[in-house]
Amino acid sequence: MDLCLNNRLAVITGAAQGIGAAQARAFAEEGASLLLVDRNEAVSVLAETLGGESLTGDLAEPGLAESIAERTAGMGGAAILINNAGISRPSPLAETTDQDWHAVMDINASAAFRLTRALWSQLAAHSGSVINIASFAAKRSTLFGNNSSYVASKHAIVGLTRAAAFEGATQGVRVNAIAPGVVATEMVKLHDEATRERIKAFIPQGRFADPAEIADLALFLASVRARHICGEVININGGLHMD
Ligand SMILES: NC(=O)c1ccc[n+]([C@@H]2O[C@H](COP(=O)([O-])OP(=O)(O)OC[C@H]3O[C@@H](n4cnc5c(N)ncnc54)[C@H](O)[C@@H]3O)[C@@H](O)[C@H]2O)c1
C-alpha cells in the first residue's frame, strides 16, 4: 500500500527516544523528509542516521515554535506535524505543586498548540496532517491515580485536536490524535517493576505496546489513505480501554 509520504516533510517532537524515535524511523523508511526536535542532543545522532535534520531545543522556551517554523520554511514547508513530546510528573493531587502542574500542561498541551499555530500556514499549503500523541489517560484517568496533571493535559490535547480539526477541515489540514495504552519506553520506567506487572495485568493482550506499533498508526494517519479521517482520537492499547 503506497502511503504517498515520499519527500513529505515531517516535524516530530520528542524524537530522541521512545515513541518519537520509532516514528522518526518509520517515516524515514517511507521516504519522508525529517526535522526531529528534542531537548536531548541525542536527537541529532538519530537524525543523521536517518538522513534527516534536527533541532535541539526545549519546547517550553518562548520562540522555539517560531524557530522551528523558520527552519521548515527553508526546507520547503512542513506537511506533517507530530506533537509527540510529553512528560509525566506523577504525584497525589494534594501534593502536586503549581510548578509541576504548569510544566506538564505546558509541554503536553500548550507546546503542541504553539507549534501547530506556528506551522499552520505551511501545513495548509501542503494538505497537511497533524497528529497529537495523547494517551488512554485522555479518555479516563490513569490506572492507579496520582497523576492529575498528566490526565488533565492529555484531556486538553484532545480538545485542541477536535477544535483544530474542525477549523482545518475547511483549510486542507487534517488533525487527529493517537491514544496509546502503555508503551514500552523510558516513561513507563517511572514505575517500579511490581507496578509495571500490576499494570500489565489490566491489559487484555497481556503486554505493553512496542513503540513501532504506535508509529505504524501514525504513518497511516499521516498518509493519503486516511484522507477522510478528521478529529479522531484513536485507541491503540491491547484492549485496555475501548470506546
Ligand atoms: N510510554 C507510554 O506508555 C505512553 C502512553 C501513552 C502516551 N504516551 C505519550 O507518548 C509521547 C511519547 O512518550 P514516550 O513514552 O516515548 O516518552 P519518553 O520519555 O521516552 O520520550 C519523550 C521525549 O520527549 C522529549 N521531551 C520532553 N520534554 C521536552 C521538552 N520540553 N522539549 C523538547 N523535548 C522534550 C524527551 O527528551 C524525550 O526524548 C508522550 O506524549 C507521552 O505522554 C506514552
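For reference, positions follow the sequence shown, starting with 1. Atom set for the values below is all heavy atoms of this structure, side chains included, hydrogens, waters and symmetry mates excluded. Whatever order the structure lists them in is the order used to number ligands and atoms, beginning at 1.
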Give a table of atom pairs where an N or O of ligand 1 lies under 3.5 Å from a protein N or O.
| residue | atom | partner | partner atom | Å |
| --- | --- | --- | --- | --- |
| ligand 1 | 1 (N) | Val183 | O | 3.3 |
| ligand 1 | 1 (N) | Thr185 | OG1 | 3.0 |
| ligand 1 | 3 (O) | Val183 | N | 2.8 |
| ligand 1 | 3 (O) | Val183 | O | 3.4 |
| ligand 1 | 15 (O) | Thr185 | OG1 | 2.5 |
| ligand 1 | 16 (O) | Ile19 | N | 2.9 |
| ligand 1 | 19 (O) | Gln17 | NE2 | 3.4 |
| ligand 1 | 20 (O) | Gln17 | NE2 | 2.8 |
| ligand 1 | 31 (N) | Asp58 | OD1 | 2.8 |
| ligand 1 | 32 (N) | Leu59 | N | 2.9 |
| ligand 1 | 34 (N) | Arg39 | N | 3.3 |
| ligand 1 | 37 (O) | Asp38 | OD1 | 2.6 |
| ligand 1 | 39 (O) | Asp38 | OD1 | 3.4 |
| ligand 1 | 39 (O) | Asp38 | OD2 | 2.6 |
| ligand 1 | 41 (O) | Asn84 | O | 2.7 |
| ligand 1 | 41 (O) | Lys154 | NZ | 3.0 |
| ligand 1 | 43 (O) | Tyr150 | OH | 2.6 |
| ligand 1 | 43 (O) | Lys154 | NZ | 3.0 |

Salt-bridge criterion met for Arg162 and Glu167 (N-O under 4.0 Å): no
Hydrophobic cluster of Val130, others only, ordered by chain and residue number, side-chain cut-off 4.5 Å: Leu9, Val11, Leu35, Val37, Leu55, Leu59, Leu64, Ile68, Met75, Leu81, Ile87, Val104, Ile107, Leu115, Leu119, Trp120, Leu123, Val173, Val175
Charged tip of Arg89 within 45° of Tyr150 ring normal and under 6.0 Å: no
Leu143 side chain reached by Phe202 side chain, heavy atoms, under 4.5 Å: yes
side-chain hydrogen bond (donor to acceptor under 3.5 Å, both in side chains) involving Asn132 - partner list, sequence neighbours excluded: Asn83, Thr161
Donor-acceptor contacts under 3.5 Å from residues 16-25 side chains, at least two apart:
| residue | atom | partner | partner atom | Å |
| --- | --- | --- | --- | --- |
| Gln23 | NE2 | Ile19 | O | 3.3 |
| Gln23 | NE2 | Asn84 | OD1 | 3.4 |

